[in-house]
2 protein chains.
Amino acid sequence: MASPTISVKSTGVTIGQAAAFAGVTVKTVRHYHQHGLLNEPQRDSSGYRRYGSADLLRLVQVRTLASSGVPLAEVGALLDADAEQFTAALADVERRLTERIADLIARRDTLRQLADGDRLLLPGRALAILDRLTDLGFDPVYVASQREGLVLARALAPKFFDIFLTQLEHRLDDPQFVALTKRGWDARSWPPDDPRIDELASDLADNLLANREHLTLPTDYRPRSDDATRYGLINHHLEDHAPAWTRLNALVETKLRAAGVPIPYQ
Amino acid sequence: MASPTISVKSTGVTIGQAAAFAGVTVKTVRHYHQHGLLNEPQRDSSGYRRYGSADLLRLVQVRTLASSGVPLAEVGALLDADAEQFTAALADVERRLTERIADLIARRDTLRQLADGDRLLLPGRALAILDRLTDLGFDPVYVASQREGLVLARALAPKFFDIFLTQLEHRLDDPQFVALTKRGWDARSWPPDDPRIDELASDLADNLLANREHLTLPTDYRPRSDDATRYGLINHHLEDHAPAWTRLNALVETKLRAAGVPIPYQ
DNA sequence: GCTCCACCTTGCCCCAAGGGCGGGGTCAAC
DNA sequence: GTTGACCCCGCCCTTGGGGCAAGGTGGAGC
């Protein structure tokens, strides 16, 4: 009747029509059947599903909740719940959606900080140090390897990363240290038993020991069992490239250890 | 060496240590290997993977991009790209992230509008009509069936939903129509061949034809091929529940059609 | 030497919400 | 009678890993 009263037509519509009415694909409707959100409607003589108005009503309800972000697994229980449970469950769904949104926003913010390709993966203070190395006349290859070292340091020892940067800043303020480091870079092509390596190692150790701010540790530092592993990985990164460095490192470490410098600065 | 220079340790760390350093699970690292984001490192004599600092560097880079929301499928190409491509690709990733965020926020907003459980799935104007039905003394069961009819109407014929509501508002302003509708509700228990049904059908048709605003159509209305199907489903929803309604509907439809009323109001 | 425990290896199946494809049956129109 | 649009079912694919199984290894304590 044309009044507000309502009632069912016998045959019903096919799955494609039902899907089009609800604004979804046929596949989606079958998916809802498989997961028990929608009862299978009657089938006609050739096995086609035939949807009546009650089936469509349910489909529309399921779709409304699903497209509002309610997980399918919860839609069924939600539609069968009373008003109180319904409201509480919706609030919970909304809370989870808000969490996901906040997470994605945080990721996007992180992403923005990486947007300068050449300066990938490092914060501004570290980038300033790399720029300074370039200004001091270091080989671009050396600067690139330093960038790798900083990326590694940041990931492996985030707690000490700032201290690590502070040390580097102090060291680069010292012209003698800068000169020795440049000589260390030249040493990559020396044979491992070159006597100049012994001399350079002594000079480096003397410089570090004479300038305690080059070796500053936080006052509350307590060595952890894997600190040595972590610092070892950072310090020895790229040692492959030059056998001379392996020896230079070993010599400097021995001298510092003899002077009582704690583990992370071996 | 303790200077900024960097170099490699021979043995390397196990997968568990590498994962812990990068803040991920062992499974995740193996996952990255499987998808070619990370080369397989050297194996030791017992087949364990051994990660050197270069491997860790790569792992850290992959992880940084992945946890910023870059799809894994793009991380590899991104890390091998030059600065220009890198920047462009990151901007694209950021755009997609922003899209997803907007989508989730829209879902959450929709969700909020559903938050009153008893009034599920309908806008305020439709809810006002339902409240009015209650105030007019309609049976709660009738009101509930009307709610279902409105949900269905909204989904099946969104373009006409507002017009549908306007019609209902007009009809409820007419005390005679209200009285006839209540009598129609009582008719659910009559036998289908009850002569009172013929009488009621005549009265309903006369009322509708005498009040053209009860049947208002948009002036630019052009029937579409599936309009009849859609309106049929809405009008006949629940006809199952009372055989008398089937006959009442059919009689009213015939009378209206005879008077030249177009399809959606049959 | 023995055992325990934590760690490593590979391989297979699982999640959410469907998409795509393939082989086959059906309906309506031309 | 044939074409095109629709329907059926079932299998594999997606993202970013998680869980579990069955078996090998390494170091510590007894």
Side-chain angles (χ1 to χ4, degrees), chain A residues 11-38 40-51 55 59 62-78 93 96-97 99-100 103-104 107 225-226 229, chain B residues 11-38 40-51 55 59 62-78 93 96-97 99-100 103-104 107 225-226 229:
Chain A
T11 58
V13 301
T14 67
I15 195 173
Q17 291 172 306
F21 290 166
V24 299
T25 67
V26 167
K27 197 80 184 219
T28 299
V29 177
R30 283 201 276 249
H31 191 66
Y32 292 166
H33 286 313
Q34 280 182 349
H35 289 264
L37 297 174
L38 231 48
E40 285 280 353
Q42 290 187 309
R43 305 279 183 140
D44 66 17
S45 57
S46 47
Y48 289 12
R49 292 176 180 86
R50 289 290 171 170
Y51 294 82
D55 301 314
L59 172 58
V62 168
R63 186 60 202 168
T64 302
L65 290 179
S67 65
S68 304
V70 179
L72 289 196
E74 297 168 30
V75 166
L78 213 49
V93 170
R96 281 177 291 169
L97 260 185
E99 263 176 35
R100 278 191 58 198
D103 180 57
L104 285 185
R107 285 166 183 250
S225 63
D226 59 354
T229 308
Chain B
T11 58
V13 301
T14 68
I15 194 171
Q17 291 172 305
F21 289 166
V24 299
T25 67
V26 168
K27 196 78 181 221
T28 299
V29 177
R30 283 202 275 250
H31 191 66
Y32 292 166
H33 285 313
Q34 279 182 349
H35 289 264
L37 297 174
L38 231 48
E40 286 279 354
Q42 289 187 311
R43 306 279 184 138
D44 65 15
S45 57
S46 48
Y48 289 13
R49 293 177 180 85
R50 289 290 173 172
Y51 295 80
D55 301 313
L59 172 58
V62 168
R63 186 59 202 169
T64 301
L65 290 179
S67 64
S68 304
V70 179
L72 289 195
E74 297 168 29
V75 166
L78 214 49
V93 169
R96 280 176 293 170
L97 260 185
E99 262 176 34
R100 277 190 59 197
D103 179 58
L104 286 184
R107 284 165 183 251
S225 64
D226 60 354
T229 307

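As a basis for the values below, the full set of heavy atoms in this structure was taken, side chains included, without hydrogen atoms, waters or symmetry mates. A note on names: the letters A, B, ... follow the listed sequences, proteins ahead of strands, and every chain is numbered from 1.
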Kindly point out which of [options] is positioned nearest to the side chain of [X]?
{"X": "B/R49", "options": "C/dT10, D/dC8, D/dG17", "value": "C/dT10"}
{"X": "B/Y32", "options": "C/dC7, C/dG18, D/dG17", "value": "D/dG17"}
{"X": "B/T28", "options": "C/dC8, D/dG18, D/dG26", "value": "D/dG18"}

Just checking [X]: base, sugar-phosphate only, or nothing, at a heavy-atom cut-off of under 4.0 Å?
{"X": "A/R107", "answer": "nothing"}
{"X": "A/R43", "answer": "sugar-phosphate"}
{"X": "B/R100", "answer": "nothing"}

Rounded interatomic separation in angstrom, taking [atom1] from [X] and [atom2] from [N]:
{"X": "A/L104", "N": "D/dT15", "atom1": "CG", "atom2": "P", "answer": "16 Å"}
{"X": "A/D44", "N": "C/dA28", "atom1": "CG", "atom2": "P", "answer": "10 Å"}
{"X": "A/L72", "N": "C/dC15", "atom1": "CG", "atom2": "P", "answer": "13 Å"}
{"X": "A/H31", "N": "C/dG20", "atom1": "NE2", "atom2": "P", "answer": "15 Å"}
{"X": "B/K27", "N": "C/dC14", "atom1": "NZ", "atom2": "C1'", "answer": "10 Å"}
{"X": "A/I15", "N": "D/dC8", "atom1": "CD1", "atom2": "P", "answer": "5 Å"}
{"X": "B/Q17", "N": "D/dG27", "atom1": "CD", "atom2": "C1'", "answer": "14 Å"}
{"X": "B/R96", "N": "D/dT15", "atom1": "CZ", "atom2": "C1'", "answer": "13 Å"}

Do A/R96 and A/E74 sit within salt-bridge range, that is, some charged N less than 4.0 Å from a carboxylate O?
->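 Answer for the salt bridge query: yes.
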
Residue closer to the 5' end of DNA chain C, A/T25 versus A/S45 (nearest nucleotide) =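 First, find each residue's nearest nucleotide; the 5'-ward one identifies A/T25.
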
For [N] and [X] - does any side-chain N or O of the residue sit under 4.0 Å from the phosphate oxygens OP1/OP2?
{"X": "B/R30", "N": "C/dT9", "value": "yes"}
{"X": "A/T14", "N": "D/dC7", "value": "yes"}
{"X": "B/S46", "N": "D/dG26", "value": "yes"}

How many angstroms lie between CZ in A/F21 and CG in A/L59, if you round to the nearest 0.5 Å?
->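 Nearest 0.5 Å value for the CZ-CG distance: 11.0 Å.
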
Find the distance between CG (A/L38) and CZ (A/R49) and round it off to the nearest 0.5 Å.
->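 With rounding to 0.5 Å, CG (A/L38) is 10.0 Å from CZ (A/R49).
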
Record whether the side chain of B/Y48 comes under 3.5 Å of the base of D/dG26 through a donor-acceptor pair of N or O atoms.
->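 Such a pair does not exist between side chain and base.
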
If you count the non-hydrogen atoms of other residues, nucleotides and ligands that lie under 6.0 Å from CZ in B/R100, is the total more than 12?
->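 Check fails, neighbour count at 12 or below.
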
